[in-house]
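Contents: one structure, followed by commentary.
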Amino acid sequence: MYKKELNSDDLLKIIFHYTAKIASERQLNAVLVHMADMGRELILSDRCTVWLIDEESKQLYTTVAHGVDEIRVPYGTGFVGSSIVSGEPIIIEDAYSDPRHHSENDRKTGYRTKSIITVPFRNNDGNIIGAYQAVNKLTEIDHFTPRDLELLSLAASYAGKSLESVMLHQEIFDTQREIISKMGEVGEIRSRETANHVKRVAEYSYVLAIALGLSPAEAELLRTASPMHDIGKVAIPDAILNKPGKLTPEEFETIKSHTDIGYRLLLGSKRELLRAAAIVAGQHHEKWDGSGYPDGRQGEDIHIFGRITAVADVFDALSAERVYKKPWPMDRIESFFREERGRHFDPRLVDAFFAHLPQLLAIRERLADEGERTE
Ligand code: C2E
Ligand code: SIN
Ligand code: SIN
Ligand code: FE
Ligand code: FE
């Protein structure tokens, strides 16, 4: 039943296998799971977790691995906490003989924690950014040794660089997403559109993108960028944007400029996310048959992000009340999309729209504006 300690060949194989995997990974979660797997295999423990420090909430958190869900604990508590605070590793033969052990977790899950090892790890600047923690040694001696400590420290130093760059990447992406969402809200407030409009457009766009066969990464990119589609409306005078009735032709010409304004606002950036947002802002009113604006692009000359956002945006505009119109009933919306298949909209997208209508309606319901929920 017991596992045998590994020889140096086995160890090298494991380290090589996982560091290669980790180096090519961009998702933080995936890096943490690979690190946990590497740690577990290297020191023959039953479970292994990688803990990171969330500076903002002053918590330590882990990701999902080895049958354990994400856990958050206040900074400084438990074995991980004291190891991270002191910067020293901890090896415990029997957790139950130590007051730092949280036995409620065992009680809840029925798992029996016995031996524990915790090793803090540092970033390139030498600051502690997290810790490895492994539970229950599976070899005959049944507790962790100084050799395990060396191996986990080694694993941490190999994975540390990749971990740090993935965390930075994640931080930048999160920051961009936050800024974009805030900017999208600015356009929304100005035109007094329903509060959840940009959120619904984002979610519809994501569903339609996946339905069309875009990769999850592209669909995610569009989900993040599409809330910006009307950012150019910040430059449109209130009297026009919020006019209760029908627009004059000149007023409509002014409104149409929101596409070019948004496009030019976002264009200069090299950031993938802002470039996607620029495309969406510039092309969400183009029509499949070439009769849209600002450029009268046709068919696949309209970027797929623009074609998708057009369906999402119009579906939401028709569903909602605007200063100039009442919400349309669903049967009228459906016949509209059928009529406009191959005219306003990409036919494949109209098909995807109908194929995924239940999902779209669930989003509309979940993100309904105050007082607009239908059930
Ligand atoms: P919006 O209100 O968000 O509408 C987005 C798009 O949904 C419209 O783009 C149009 O393609 C579609 N749509 C919305 N309501 C209707 C409708 O009652 N019938 C039909 N057939 N389609 C509809 P569009 O037409 O390029 O308009 C762009 C923006 O210009 C609108 O965004 C809105 O902010 C403004 N706008 C358009 N028409 C009027 C109007 O009569 N009065 C006012 N105050 N604003 C208008
Ligand atoms: C911890 O290190 O705080 C969790 C491990 C435990 O106490 O069982
Ligand atoms: C909106 O999306 O609510 C405004 C209509 C447009 O796309 O210009
Ligand atoms: Fe628009
Ligand atoms: Fe819109």
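Each ligand, and each atom within it, is numbered from 1 in the order the structure gives.
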**Message:** Around atom CZ of Phe354, are there more than 12 heavy atoms from other residues, nucleotides or ligands closer than 6.0 Å?
**Reply:** yes

**Request:** Answer yes or no: does an N/O atom from Asn242 fall short of 3.5 Å to an N/O atom of ligand 1?
**Result:** no

**Item:** Residues Asp37, Lys21: salt bridge by 4.0 Å N-O rule
**Value:** no

**Request:** Using a 4.0 Å heavy-atom cut-off, say whether Asp316 meets ligand 1 through its side chain, its backbone, both or neither.
**Result:** neither

**Prompt:** Would you find more than 12 non-hydrogen atoms of other residues, nucleotides or ligands less than 6.0 Å from Glu334 atom CD?
**Reply:** yes

**Asked** Is the count of non-hydrogen atoms from other residues, nucleotides or ligands lying under 6.0 Å from Glu140 atom CD greater than 12?
**Response** no

**Fill in**
Ranking Leu247, Ile240, Ile236 by closest non-hydrogen atom to atom 41 (O) of ligand 1, top hit is Leu247

**Request:** Could you tell me which N, O or S atom of His258 is nearest to the Fe ion (ligand 4)?
**Result:** NE2

**Prompt:** So which bit of Ile255 gets within less than 4.0 Å of ligand 1, heavy atoms only: side chain, backbone, both or neither?
**Reply:** side chain

**Request:** Pull out every atom of ligand 1 sitting under 4.0 Å from any heavy atom of Lys325, numbered as shown with elements.
**Result:** 15 (N), 16 (C), 18 (O)

**Message:** For the metal site, I want the angle between atom OD1 of Asp313 and atom NE2 of His229 with the Fe ion (ligand 5) at the apex, to 10°.
**Reply:** 100°

**Asked** Among pairs that include at least one residue of residues 309-342, which meet ring-ring contact (aromatic ring centres under 6.0 Å, His included), considering only residues two or more places apart or in two chains?
**Response** Tyr204-Phe315, Phe315-Phe353, Trp328-Phe336, Phe337-Phe345, Phe337-Phe353

**Asked** Would you find more than 12 non-hydrogen atoms of other residues, nucleotides or ligands less than 6.0 Å from Tyr111 atom OH?
**Response** yes

Acceptor/donor pairs from residues 150-157 side chains to any protein atom, 3.5 angstrom cut, sequence neighbours excluded:
from   : atom 1 : to     : atom 2 : distance (Å)
Ser153 : OG     : Leu149 : O      : 2.7
Ser157 : OG     : Leu154 : O      : 2.9

**Tyr324-ligand 1 polar pair, N/O distance under 3.5 Å** = yes

**Message:** I'd like to check which ligand 1 atoms, numbered from 1 as shown, lie under 4.0 Å from a non-hydrogen atom of Leu318.
**Reply:** 13 (N), 15 (N), 16 (C), 17 (C), 22 (N), 23 (C)

**Prompt:** Atoms of ligand 1 less than 4.0 Å from Lys246 heavy atoms?
**Reply:** 41 (O)

**Item:** Contact partition for His197 relative to ligand 1, non-hydrogen atoms under 4.0 Å
**Value:** neither

**Request:** With the Fe ion (ligand 4) as the reference point, give the N/O/S atom of His285 that is nearest.
**Result:** NE2

**Message:** Quick test of your reading of the model: are Arg200 and Glu203 salt-bridged, counting only N-O distances below 4.0 Å?
**Reply:** no

**Asked** If Ile, Leu, Val, Met, Phe, Trp and Tyr residues are connected whenever their side-chain heavy atoms lie under 4.5 Å apart, and connections chain through other members, are Val50 and Tyr158 in the same group?
**Response** yes

**Asked** Judged by modelled atom types alone, do Ser97 and Asp94 share a side-chain donor-acceptor pair under 3.5 Å?
**Response** no

**Prompt:** Does ligand 1 have a heavy atom under 4.0 Å from the side chain of His344, from its backbone, from both, or from neither?
**Reply:** side chain

**Residue selection (non-hydrogen contact nearest atom 37 (C) of ligand 1) among Trp328, Phe315, Tyr293, Phe252** = Phe252

**Prompt:** Does any N/O atom on Gly245 come nearer than 3.5 Å to any N/O atom on ligand 1?
**Reply:** yes

**Item:** Other residues, nucleotides, ligands: >12 heavy atoms within 6.0 Å of Arg26 CZ
**Value:** no

**Message:** the Fe ion (ligand 5) and Asp230: any N/O/S contact shorter than 2.8 Å?
**Reply:** yes

**Message:** Below the 3.5 angstrom mark, is there an N/O of Lys233, backbone or side chain, next to an N/O of ligand 1?
**Reply:** yes

**Request:** Before signing off on this row, confirm whether Asp230 and ligand 1 have an N or O atom pair separated by under 3.5 Å.
**Result:** no

**Request:** Pull out every atom of ligand 1 sitting under 4.0 Å from any heavy atom of Phe336, numbered as shown with elements.
**Result:** 21 (N)

